[in-house]
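Beneath this line is the structure, given in structure tokens, with notes to follow.
Note that the coordinates shown come from a computational prediction; the quantities given were computed from them, not determined experimentally.
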Number of protein chains: 2
Amino acid sequence: MNYKESHKLLLSNVSRFINLTELEKQKYISLLTEIKVKKKDFLMQAGEITKYEYFIIKGCLKVYTLDEEGAPHISMFAIEDYWTGDLSSFMTKEPSRYYIKATEHSELLGISRENYDLLFREIPKFERFYRILYQKSLISYIRRSNYGISLTAEERYLEFKKKYPQIVSRITQKDLAAYIGITPEFMSKIITKVNRT
Amino acid sequence: MNYKESHKLLLSNVSRFINLTELEKQKYISLLTEIKVKKKDFLMQAGEITKYEYFIIKGCLKVYTLDEEGAPHISMFAIEDYWTGDLSSFMTKEPSRYYIKATEHSELLGISRENYDLLFREIPKFERFYRILYQKSLISYIRRSNYGISLTAEERYLEFKKKYPQIVSRITQKDLAAYIGITPEFMSKIITKVNRT
DNA sequence: TAAAAGTCTTAAACTAGTTCATTTTTTTTC
DNA sequence: GAAAAAAAATGAACTAGTTTAAGACTTTTA
């Protein structure tokens with residue numbers, strides 16, 4: 001069958017871990033919602049109960065919390081071919097502490113909690129898909145949680161640049177500072193220093 | 001059927017997410033290896049390819065790396081009813097960067113990579129078990145990776161104490177410092193300060 | 001396309017956390 | 001249960017990263 005470009009991208013993402021029949025592909029696609037969000041608009045805000053998990057077709061978004069002083073802490077940047085959302089609120093149905101804002105005009109496919117549950121009942125293979133997806137995410141978050149406490153800010157910056165060169169060029173230095181966990185002023189100093197060397 | 005205490009603990013851990021028939025329980029148990037490790041002994045060392053994922057029946061272990069200066073960075077403390085290991089090395093079959101050392105005499109059940117793969121083929125329900133297990137771990141690591149970059153050392157200490165009171169009392173201040181990401185000297189200062197307040 | 005708003009840079013004064021050195025206390029070992 | 005080893009406490013000098021403030025540069029908006 002002939003699929004839309006957006007669905008092709010998603011199916012190709014899924015086919016990394018499981019093989020679906022045509023029927024299963026169509027069933028899966030029927031469970032998804034198309035979402036567009038303009039630059040600077042929110043996909044969700046703190047206090048809301050997360051309705052969807054999102055697959056990014058196009059664009060770039062930042063997932064962040066605000067601390068008591070109102071300073072942002074960016075948890076992740078999500079770009080094409082990545083999944084994002086607030087898994088905790090999505091699963092527990094408790095209000096989220098996260099904001100998700102588009103830093104570019106973005107197109108997403110969302111799966112609602114009801115359809116996510118249904119998916120496992122209708123196509124149990126997806127248990128495997130998510131087992132592997134979460135396993136891989138877990139491995140990278142375990143590594144990241146160690147970086148935060150054991151590397152200096154400069155080392156974390158170099159790691160990020162090495163691991164996500166395609167993201168560095170698409171975000172502001174200020175947002176990168178909020179991800180690395182430092183002030184924009186210190187981020188500026190690091191970049192000046194690294195470029196000089 | 002009558003199971004050993006250790007197997008009962010594991011089966012009860014698994015039954016949080018999936019129901020197994022008697023036959024499946026027996027099959028599962030047949031895939032596990034019993035392991036004992038004395039206080040201060042290594043369960044594994046950096047450079048080795050991880051052979052097992054471990055479920056802790058009894059005891060306490062620390063999972064850590066050593067940086068270029070030889071300073072330890074503790075990634076997790078594992079106690080009864082928790083799973084541990086190096087998931088990355090276990091999956092990729094590449095040498096691990098982690099050491100796992102018992103801080104108390106410990107008893108574990110290990111599952112080898114071959115049996116882990118076999119488990120999914122023989123009892124596909126385990127895809128669901130691990131999907132949920134990894135999902136929950138992922139949620140807590142996402143939270144932790146933000147703590148590392150957005151909280152002060154004192155706040156991280158208070159968080160740890162609140163979340164794992166049963167672990168705090170079983171480990172040394174020095175190990176806690178290596179987990180929090182600070183020097184033992186500064187850990188000592190924080191504790192003095194917090195107790196004074 | 002001018003004005004406004006946001007981002008980046010620089011610098012001086014400050015604070016959280018480190019390093020190094022010493023002493024006291026607790027735990028381990030024979 | 002004494003000796004040795006490891007952990008914890010304390011303090012002084014240091015460094016990585018913050019704060020505040022101001023000016024230059026860039027992007028957005030009307």
Original post:
Would you say A:Ser188 reaches C:dT10's phosphate, i.e. side-chain N/O to OP1/OP2 under 4.0 Å?
Top reply: no
Original post:
Hey, is the side chain of A:Thr192 poking within less than 4.0 Å of OP1 or OP2 on C:dT10, counting only N and O atoms?
Top reply: yes
Dump every N/O contact between nucleotides 12-17 of chain D and the protein below 3.5 Å, one line per pair.
residue	atom	partner	partner atom	Å
D:dG17	OP1	A:Ala153	N	3.0

**OP:** Please name the pair of heavy atoms, one in B:Asn19 and one in B:Lys125, separated by the smallest distance, quoted to 0.1 Å.
**Re:** O-NZ, 2.8 Å
d([atom1], [X]; [atom2], [N]) in whole Å:
{"X": "A:Met187", "N": "C:dT10", "atom1": "CE", "atom2": "C1'", "answer": "16 Å"}
{"X": "B:Glu69", "N": "C:dT18", "atom1": "CD", "atom2": "C1'", "answer": "12 Å"}
{"X": "A:Lys174", "N": "D:dT27", "atom1": "NZ", "atom2": "P", "answer": "15 Å"}

Subject >> Distance (rounded to the nearest 0.5 Å) between A:Ile191 CD1 and A:Lys161 NZ >> reply: 7.5 Å
Original post:
Can you give one letter per nucleotide of nucleotides 20-30 of chain C, 5' to 3': B if a protein heavy atom sits under 4.0 Å from the base, S if only from the sugar-phosphate, - if neither?
Top reply: B-------SS-
Under a plain distance cut-off of 3.5 Å, with no hydrogens placed, do [Y] and [X] share a side-chain donor-acceptor pair?
{"X": "B:Glu155", "Y": "B:Thr152", "answer": "yes"}
{"X": "B:Asn146", "Y": "B:Arg143", "answer": "no"}
{"X": "B:Tyr134", "Y": "A:Gln135", "answer": "yes"}

Subject >> Residues in ring-ring contact (aromatic ring centres under 6.0 Å, His included) contact with B:Phe129, at least two apart in sequence or another chain >> reply: B:Phe17, B:Phe126
Original post:
By ring-ring contact (aromatic ring centres under 6.0 Å, His included), which residues pair with A:Tyr179, not counting sequence neighbours?
Top reply: A:Phe77, A:Phe160
Original post:
So, A:Phe120 versus A:Tyr130, ring centres under 6.0 angstrom or not?
Top reply: yes
Original post:
What is the bend of the helix from C:dT1-D:dA30 to C:dC30-D:dG1 when you compare the axis at one end with the axis at the other, using five pairs each and rounding to 10°?
Top reply: 70°
Subject >> A:Arg156: partners by side-chain hydrogen bond (donor to acceptor under 3.5 Å, both in side chains), with sequence neighbours left out >> reply: none
Original post:
With under 30° as parallel and over 60° as perpendicular, where do the rings of B:Tyr54 and B:Tyr52 fit, or are they tilted in between?
Top reply: tilted
